[in-house]
Amino acid sequence: MTTTTTLSRRSFMASAAALAALGLAGCGSQGGSSAASSTEGADAPKPMKLKVGTLPTEDLLPLWVALSKGLAEGKVEFEVVPFQAATELIAGISSGAVDMAMTDPMVAASVTAGGTPLQLAWVTLGETAQQGRFGIMTSPKTGITSLSQLDGVPVGVGSNTILEYVMDRLMLDAGIPQSGIKVEEMQKLPVRFQAMMAGEVKAAALPGSLLALGEAKGCITLADDTAGDNISQSVMAVRQNVIESPAGAAAVEALTEVWDAAVALINADRESFRSVLLENANLSDAVKETYPISEYPMASKPTSAMVDPVLTWMRDKGYLTVGLRYDESTGKFIKE
């Protein structure tokens with residue numbers, strides 16, 4: 001069961017989605033709602049109140065900043081609904097418990113293929129390769145120092161996730177053949193991280209916060225996705241029935257403007273929003289004062305260059321059995 005109020009700080013779980021990510025902390029007092037405007041024009045639809053689902057990761061920082069600064073006052077009413085696991089978030093957006101969700105293209109495509117059409121509204125992190133971080137890490141106990149040494153070695157990861165996709169791309173780029181990429185199925189990020197630390201698995205695919213924690217403990221990041229091609233994004237996905245209603249479309253448009261206003265504040269002085277990040281996203285005490293705050297993108301739809309390779313990968317893996325193509329002009333997944 002989800003809540004819309006306070007979540008306690010806990011070990012990082014997300015993932016993932018995140019990642020992420022990938023327990024985490026909740027929204028605290030900022031998880032409440034902002035005031036809706038009562039002065040819309042007579043002909044303009046009044047925006048509906050939006051429920052935004054998320055794993056409490058750094059990807060949603062602009063909306064937490066918007067709540068803390070009152071940036072949505074008089075524009076749109078929304079609340080952030082934190083979930084404790086990616087499976088819960090998927091259930092929430094599928095059932096309509098939330099209207100939109102911070103997630104990744106894999107989840108959005110899978111939910112759409114499952115009968116709940118989602119539309120990608122904007123990229124939350126990953127407009128450039130430097131925004132957000134996923135990578136492959138090993139413990140110093142293993143003696144592994146390069147990605148090439150993982151040829152044929154099982155790597156801890158959850159299947160059909162952004163982390164598995166990044167892992168595949170990084171290993172293929174390192175010259176490891178597809179036949180040499182082996183998966184040790186570990187859906188829960190805390191379990192995966194601890195297994196890597198203990199040497200129970202030689203390496204693990206992890207989000208940025210756990211990479212930072214591992215590095216603080218002497219682990220080695222063999223490769224990450226912050227250099228080279230931009231291969232991973234988190235996205236804001238909206239239920240299609242919400243965005244196709246006048247009140248829903250007005251609300252999403254207003255929230256997009258709120259996102260951009262918050263992004264402008266963050267990018268102008270990222271460090272000043274560390275307290276908001278720490279209140280809402282789970283970071284270990286070992287890295288909470290040093291974890292780099294990302295630059296965030298202004299709201300724009302994911303491009304075909306971002307989404308199409310993901311759909312191809314899902315089909316090749318057998319994760320997507322329904323024919324889908326992505327229309328970047330609308331953000332919709334279209335069944336073929």
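With hydrogens and angles ignored, the 3.5 Å screen pairs a side-chain donor or acceptor of E328 with a backbone N or O of S304. Side chain of E58 to backbone of L277: no donor-acceptor contact under 3.5 angstrom is found. The main-chain N or O of P190 is never found under 3.5 Å from a side-chain atom of Q194 such that the two would form a donor-acceptor pair. Under the 3.5 Å distance criterion, the side-chain polar atoms of D327 are left unmatched by any main-chain donor or acceptor of K332. The backbone N or O of L324 lies less than 3.5 Å from a partner atom in the side chain of R315, making a donor-acceptor pair. Distance alone, capped at 3.5 Å, places no donor-acceptor pair between the E184 side chain and the V155 backbone. Remark: the backbone N or O of V65 is paired with a side-chain donor or acceptor of S68 at under 3.5 angstrom. A donor-acceptor pair is defined here as one N or O able to donate and one able to accept, closer than 3.5 Å; such a pair exists between the side chain of D104 and the backbone of M106. The backbone N or O of I220 lies less than 3.5 Å from no partner atom in the side chain of T138, so there is not a single donor-acceptor pair. A donor-acceptor pair is defined here as one N or O able to donate and one able to accept, closer than 3.5 Å; such a pair exists between the side chain of R274 and the backbone of K288.
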Solution key, residues 232-240 side-chain donor-acceptor pairs under 3.5 Å, sequence neighbours excluded:
unit_1	atom_1	unit_2	atom_2	d
S232	OG	D225	OD2	2.5
Q233	NE2	G126	O	3.2
Q233	NE2	N230	OD1	3.3
S234	OG	D59	OD2	2.7
S234	OG	T124	OG1	2.5
S234	OG	L125	N	3.2
R239	NE	N241	OD1	3.3
R239	NH1	I93	O	2.8
R239	NH1	S94	O	3.0
Q240	NE2	E244	OE2	3.0

Please tabulate, for the side chains in residues 167-178, all donor-acceptor contacts under 3.5 angstrom to protein atoms that are two or more places apart in sequence or on a different chain.
unit_1	atom_1	unit_2	atom_2	d
D168	OD2	W313	NE1	2.9
D168	OD2	K317	NZ	3.0
R169	NH1	Y165	OH	2.8

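Looking at every heavy atom in both residues, V258 comes nearest to A66 through CG1-CB, 3.5 Å. Across every non-hydrogen atom of P105 and V310, the tightest pair is CB-CG1, 4.2 Å. Considering all non-hydrogen atoms of both residues, P297 and Q131 come closest at CD-OE1, 3.5 Å. Nearest heavy-atom pair, P246 versus P45, reported as atom, atom and distance to 0.1 Å: O-CG, 3.7 Å. Of all the heavy atoms in V76 and A251, the pair that sits closest is CG2-O, 3.8 Å. The shortest heavy-atom contact between A113 and L320 is CB-CD1, 3.8 Å.
Residue K335 qualifies as enclosed at atom NZ: its count of foreign heavy atoms under 6.0 Å is above 12. Environment of CD in E215: crowded, with over 12 heavy atoms of neighbouring residues, nucleotides or ligands closer than 6.0 Å.
Counting only heavy atoms from C-beta outward, the side chains of L206 and M196 approach each other to under 4.5 Å. In this structure, S110 and V107 have side chains that are not in contact, with every pair of non-hydrogen atoms separated by 4.5 Å or more. Side-chain contact between Q130 and S294: absent, with no pair of heavy atoms (C-beta onward) separated by less than 4.5 Å. Contact check for V242 versus M100: no side-chain heavy atoms found under the 4.5 Å cut-off. Contact of the L265 side chain with the L71 side chain is registered, since non-hydrogen atoms from C-beta on lie closer than 4.5 Å. Two residues are said to be in side-chain contact when any heavy atoms from C-beta on lie closer than 4.5 Å; V263 and P62 meet this criterion. Side-chain contact between S300 and W122 is absent, with no heavy-atom pair separated by less than 4.5 Å. Two residues are said to be in side-chain contact when any heavy atoms from C-beta on lie closer than 4.5 Å; E77 and P47 fail this criterion.
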* side chain to side chain contact (heavy atoms under 4.5 Å, CB included) evaluation trace for F333 with L311 -> CA-CA 10 Å; F333 292 99; L311 295 179; 4.0 Å; yes
* Step by step, work out the side chain to side chain contact (heavy atoms under 4.5 Å, CB included) result for E336 and I334. => CA-CA 6 Å; E336 297 178 320; I334 300 172; 5.5 Å; no
* **side chain to side chain contact (heavy atoms under 4.5 Å, CB included) between M102 and V52, worked out** => CA-CA 8 Å; M102 189 288 296; V52 183; 5.6 Å; no
* To do: Output, in order, the C-alpha distance, side-chain angles, deciding distance and verdict of side chain to side chain contact (heavy atoms under 4.5 Å, CB included) for F83 and I90.
  => CA-CA 9 Å; F83 290 83; I90 292 169; over 6 Å; no
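With hydrophobic clusters built from ILVMFWY side chains whose heavy atoms lie under 4.5 angstrom apart, I136 does not share a cluster with V191.
Here the OG1-CD distance, from T303 to E127, works out to 9.5 Å after rounding to the nearest 0.5 Å. The CZ atom of F78 sits 12.5 Å away from atom CG of D99, with the distance rounded to the nearest 0.5 Å. Expressed to the nearest 0.5 Å, how far CD of E295 lies from OG1 of T128 amounts to 6.5 Å. Atom CD of E289 sits about 8.0 Å away from atom CD of E271, to the nearest 0.5 Å.
Aromatic ring orientation, W259 versus Y296: perpendicular (interplanar angle above 60°, classes split at 30° and 60°).
Looking at Q119 and T330, their side chains never bring a donor and an acceptor atom within 3.5 Å of each other.
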